[in-house]
Number of protein chains: 2
Amino acid sequence: MARHAAYDRPAALASALNLFWERGFHATSIRDLEGALDMRPGSIYAAFGSKEQLFMEALHLYAQAMRQRLRATIATSASPLQALADYVRSLGSDLQDDMPSKACMLAKTVLESTKKEGALHAAAASALHDTELDMAALFEQAVQRGELPPRADPRRLARQAQASIIGLRVYAQRVGAQRAVVELADDIAATIERMRRYEPHGKKIEGSK
Amino acid sequence: MARHAAYDRPAALASALNLFWERGFHATSIRDLEGALDMRPGSIYAAFGSKEQLFMEALHLYAQAMRQRLRATIATSASPLQALADYVRSLGSDLQDDMPSKACMLAKTVLESTKKEGALHAAAASALHDTELDMAALFEQAVQRGELPPRADPRRLARQAQASIIGLRVYAQRVGAQRAVVELADDIAATIERMRRYEPHGKKIEGSK
DNA sequence: AATTATCTTGAACGATCGCTCAGAAAGTGG
DNA sequence: CCACTTTCTGAGCGATCGTTCAAGATAATT
C-alpha cells in the first residue's frame, strides 16, 4: 500500500559504475552522480547509503563482470594457455573503444585509495586476488594437460600474467595510438603462447622460438 | 636589500612529492601540504603558484629521480639485458620499504587524472614515454651487442618491459606480503634474462631453457 | 636607527564537498 | 474519494576545498 521507486536500481548502479570507473572515487562528486543517475541526493542516499557504499557496490559489479569475461573466454577454448592469450588479445582490441576508462577499475582503486578509504582498497585488492586465483587455476589446468612442464608454478605464473595485463591497461590509458596497444597485447599474448611447449597428453611440440 | 625566504625550496618540494606520491593529487589538500611543508598558504602560493603547479613540479622531480635510477643501474652493468633484470630485481627488494607509495607515481597520475587536470595526465604520460625510450635504447644496445637476435624489436620489448614493471608496482601496492613481490620481480627479471640467447660478439650461449 | 624591500602569517573569501530532512508528490488499499 | 505509506524533491546544513590579501615580521641597506 505505497509507492514504487521510480528509478531502476541496477541501471542506476551501472551509471554510477561508469562514472566512478572513468573518474575514480575522489574526482566523482555526489552532484556528478545526481546528473548521471538522474536521481536527487535524497534518493541516492536512500538507495545506496553513502558515496563510499555506492562505490563499493559499483566496484563489486565491475569485478563480477570482469571475472565473468575471463571465465567466458576460457570456456570457449580447449587450451587454457590459448584461452588466456586470446583473452589478452581481446583486451587489446576492446581497449580502443569509448569505455569509461581503458584502465582496470580495480587497479585504479588500489592506487588511489588512501587509509581513509581502507575498505575500498581492501575490496579492490581482494577482487584482484580472486582474479589471480582464477588465473592460477587456469595455469594449473595447463600443467595437468601437459601444456606446461610439471615444475611450473601456477601461482607465480598467474601473478606475472596479471601484472602484464594491468600494465597493458595502464599503457592503454596513457597512449593515444590504439595500434601500440594492440601490439603490446599481441606481444603479451605471444609470451603466454610461447610457454606452451607441450601438447596435451605430454607429447612435446617443437623446440622453443 | 630585503628579507630572505625562510623555507628551503628543494626540501619543501621533496616533502610535497612524498605527500602527493602517497595520496595522489585529489586526496592531498593544501592544508595537508601546509603541515608537511611547514609553510603557510601564502608562502606555498608565492613559491609554487598553485596546487596543480606544485604537483607538476613534484611529478617532474619524481620522473627525474626514477629515470636516473634506471640509468645508474644500467651504467653498472656490462650487459644491457642483465642491467634491466638487475633493475627489476632491485625494485622488488626496495618495494618492501616504507616509501610514500610502492606504486609508480607516474602510473598513479595517469590513472587518476581527469580531463580537468589534462596537463597532469600529459606530463605523466610524457615521462613514461621518456622512460620507455630509455628502455628501447637499452634493448637496441642489446641487439647491437648480439644479446638479442637482430630481428628483435626494441620498441616493442621496451613497452612490454614497462608494462610488467608497472604491473609489478601495482601488485606491490596491493599485497601485504613482501615475499610475493620479490618472487614476482624475480620472475619478471628471469623472463628478461631468458631473452639473452646470445653472448656479446655474436657467440651463442646454450639453447633455451 | 630609520628606511626599504621582501617574506610570513592567518583570517577569510566564494565554491564545493558529502549529506540530511521536512514537506510535496504519488501510488496503494479500503 | 479518502487514508495511508512510501518515495521524491531540493533547500540547506556544517565542513572543507583552493586561493587571496592586508597586515605584521624580518633582514638588508642607508
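Each chain gets a letter, A, B and so on, in the order the sequences are listed, and its residues count up from 1. Just so we're clear, the structure is a prediction, and the values are computed from it rather than from any experiment.
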Discussion item. Using 0.5 Å steps for rounding, measure from the OH atom of A/Tyr171 to the CD atom of A/Gln173.
Written reply: 13.5 Å

Fill in: Contact list for DNA chain D against residues 12-34 of chain A - heavy-atom distance below 4.0 Å
A/Arg31

Worksheet item: What integer distance in Å separates A/Arg40:CZ from D/dT7:C1'?
Response: 12 Å

Item to complete: Without swapping roles, check the side chain of B/His60 against the backbone of B/Met56 for a donor-acceptor pair under 3.5 Å.
Response: yes

Item to complete: Please state whether the base of D/dT7 and the side chain of A/Arg3 form at least one donor-acceptor pair under 3.5 Å?
Response: yes

Discussion item. I'd like to know if A/Arg169 and A/Asp94 make a salt bridge, using a cut-off of under 4.0 Å between side-chain N and carboxylate O.
Written reply: no

Discussion item. So, does A/His4 get its side chain near the phosphate of C/dA26, meaning an N or O under 4.0 Å from OP1 or OP2?
Written reply: no

Fill in: Given D/dA28, D/dT7, C/dG10, the nucleotide with the shortest approach to the side chain of B/Pro41
C/dG10

Discussion item. Let's see if you get this right: which residues in residues 45-61 of chain B place a heavy atom under 4.0 Å from DNA chain D?
Written reply: B/Tyr45, B/Ser50, B/Lys51

Worksheet item: Roughly how many Å is it from CZ in A/Arg9 to P in D/dC8, rounded to a whole number?
Response: 12 Å

Discussion item. Students often mix this up, so state it plainly: with edges at 30° and 60°, are the rings of B/Phe25 and B/Phe20 parallel, tilted or perpendicular?
Written reply: parallel

Practice prompt. Rounded off to whole Å, could you give me the OH-to-C1' distance for the A/Tyr7 and D/dT6 pair?
Written response: 11 Å

Worksheet item: Using 4.0 Å as the upper bound for N to carboxylate O, is an ion pair formed by A/Lys115 and B/Glu22?
Response: yes

Item to complete: Round to a whole Å and report the spacing from CG of A/Asp38 to C1' of D/dG10.
Response: 14 Å

Worksheet item: In whole angstroms, how far is the P atom of D/dG18 from the CE atom of B/Met39?
Response: 16 Å

Worksheet, complete the sentence: Rounded to whole Å, the CD1-C1' distance (B/Ile44 to D/dC21) equals 16 Å

Item to complete: Kindly compute the distance separating CG (A/Leu84) from CE (A/Met135), expressed to the nearest 0.5 Å.
Response: 6.5 Å

Fill in: Note: B/Arg179-B/Glu183 ion pair, threshold 4.0 Å (strictly below)
yes

Worksheet item: Rounded to the nearest Å, what distance is computed from the CG atom of residue B/Asp8 to the C1' atom of nucleotide C/dT8?
Response: 16 Å

Worksheet item: Can you tell me how far P of D/dC17 sits from CD of B/Glu117, to the nearest Å?
Response: 16 Å

Worksheet item: Is A/Arg40 salt-bridged to A/Asp38, going by a charged N under 4.0 Å from an acidic O?
Response: yes

Worksheet entry | SB check A/Glu52 A/Lys116 (cutoff 4.0 Å) | no

Worksheet entry | A/Ser43 side-chain N/O to D/dT7 phosphate OP1/OP2 under 4.0 Å | no

